[in-house]
Each structure stands twice: as structure tokens, then as C-alpha cells.
Amino acid sequence: MAEHAQQRRHDNMAAIHSKDTKPEMVVRKWLWGHGFRYRLNHPRLPGKPDIVMRKYRTCIFVNGCFWHGHHVDLRMTVGSSECCKIPKTNTEFWVKKIRRNMQRDIEVQRQLALMGWHSITIWECDLKPKVREKTLESLAYTLNKVFLQDHSVKQYEILEEPLMIAAEECVGYGDER
């Protein structure tokens, strides 16, 4: 019986894919419907972000709360949060795996920042029906703010210096005829 349950859990976990997840599809559909255009899983960027918006120089990561340790301390030994429940069996393995994922996420976002890209993380729990619209409106606000900051006209200060005359007038030079 234990082997059957273990195999079933293995099959369930193996069936979870990293691309085209339901939360990702919700974000993509909303963005497209509101006029935002994007590319998916850009292979040349670190971490292959879920959604890449070149116009905004922004990468959007749609993270599952369990897999990326939402509201869990990175130094965790054993711990859970409301939306990230660590399994009671094989706990050490899951804690180690989630910690690695969290560290990789931080490193990927650091690399993107060094390349001049903005990173936005949207959590699975923030896409539940009660808070979905607020989350997505906040995403649109952030994207527009990023765009305006990156494309605003920069004001340069012109320091006032006294004008230098190339040739001084010589008194009496042109007076003798």
C-alpha cells in the first residue's frame, strides 16, 4: 500500500509542468486583452522568464507558491506558510529543494537587473478570484510606471559660465589709416 501511495505522489509531482500553467495563462490572457504584447520563455535571458516584455524591459515570473517558497524564510529549517505547505513526509528533501529554488530566483533576478531588466514576480495565491483583478491592475500600473521612467525626457542642467571671447578688441589697431 505504501509503495502505491508513493508511486501516486511521484506521478502527481511529475505531471506538474513549468510552462503554460493555469496562473501563467491567467496573466497572459489578461495582459493580451489589455493591449500588452509579450514573448514567452526567452531562451537568451537568465532563468527563461515566463513573460518577457521588451518594450518595458521587464520580465514577469509567475511563481507557484509551493515551488518557490512564498512567504517562507530563506533560512528555513522546517517551516510552512499559509500558501506554501511543506509536506510532512520527506520534509528534508522538500525544504532543500524549495531553498535551492528560492536562491536561484534571487540570482536570476540579480543577473537580469545587471543587464538592465526589471523583474516582477506574481504569486499563484495573488491570482485567486478574490484578489485577481487587484493584482493584475497593479501589474498594469507597474508596467506603465516603468515605461514612463525609462522613456521620460531627461532634464540636463546647463551651468552658466561667462562667455569667452575668441579675440579681444585691440584699442587703436584699426584706427590708423
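Side-chain atoms are counted along with the backbone in the values below, which use heavy atoms only and exclude waters and symmetry mates.
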Point to revise | Taking every non-hydrogen atom, the tightest pair across K48 and P43 | key: CG-CA, 4.1 Å
Check your understanding: Does I122 share a hydrophobic cluster with V131, counting links as ILVMFWY side-chain heavy atoms below 4.5 Å and allowing steps through other members?
Key -> no
Exercise for review: Report yes or no: do V52 and Y56 belong to one cluster of Ile/Leu/Val/Met/Phe/Trp/Tyr joined by side chain heavy-atom distances under 4.5 Å?
Suggested key: no
**Study point:** All pairs passing salt bridge (Lys or Arg N to Asp or Glu O under 4.0 Å) where residues 51-63 contributes a residue, at least two apart
**Key:** none
Check your understanding: What residues form a side-chain contact (heavy atoms from CB on, under 4.5 Å) with A140, not counting sequence neighbours?
Key -> W30, F36
Study note, to complete from the structure: The complete set of ring pair (Phe, Tyr, Trp, His ring centres under 6.0 Å) pairs with one or both residues in residues 103-122, sequence neighbours excluded, reads none
Point to revise | Hydrophobic cluster membership, V108 vs M53, 4.5 Å side-chain cutoff | key: no
Check your understanding: For E107, what residues pass the salt bridge (Lys or Arg N to Asp or Glu O under 4.0 Å) criterion, not counting sequence neighbours?
Key -> R110
Study note, to complete from the structure: On a heavy-atom basis, the closest approach of P23 and L127 is O-CD1, 3.5 Å
Exercise for review: State which residues pass side-chain contact (heavy atoms from CB on, under 4.5 Å) with N63; sequence neighbours excluded, sorted by chain then number.
Suggested key: F61, H68, D105, T121, W123
**Study point:** Gap separating the CG atom of D50 from the CG atom of L40, nearest 0.5 angstrom
**Key:** 8.5 Å
Exercise for review: Return the set of residues passing side-chain contact (heavy atoms from CB on, under 4.5 Å) with F93 (not counting sequence neighbours), or none when no residue passes.
Suggested key: N90, K97
Exercise for review: With sequence neighbours excluded, give me every salt bridge (Lys or Arg N to Asp or Glu O under 4.0 Å) pair touching residues 111-139.
Suggested key: none
Exercise for review: List the steps, then state whether side-chain contact (heavy atoms from CB on, under 4.5 Å) holds for I60 with L139.
Suggested key: CA-CA 10 Å; I60 300 174; L139 172 63; 3.9 Å; yes
Point to revise | Remaining members of the apolar cluster that contains V146, side-chain heavy atoms under 4.5 Å | key: none
Check your understanding: Residues in side chain to side chain donor-acceptor pair (under 3.5 Å) with R104, at least two apart?
Key -> N101
Check your understanding: With a 4.0 Å cut-off, would you call R28 and E24 a salt bridge?
Key -> yes
Point to revise | Intermediate values then yes/no, side-chain contact (heavy atoms from CB on, under 4.5 Å), C59 and L45 | key: CA-CA 9 Å; C59 297; L45 290 175; 3.8 Å; yes
Check your understanding: How far apart are the C-alpha atoms of L31 and L143, what are their side-chain angles, what is the distance that settles it, and do they pass the side-chain contact (heavy atoms from CB on, under 4.5 Å) test?
Key -> CA-CA 11 Å; L31 285 171; L143 288 171; 4.0 Å; yes
Review point. Which distance, rounded to the nearest 0.5 Å, do you find between the CD1 of I120 and the CD of Q109?
Key: 10.0 Å
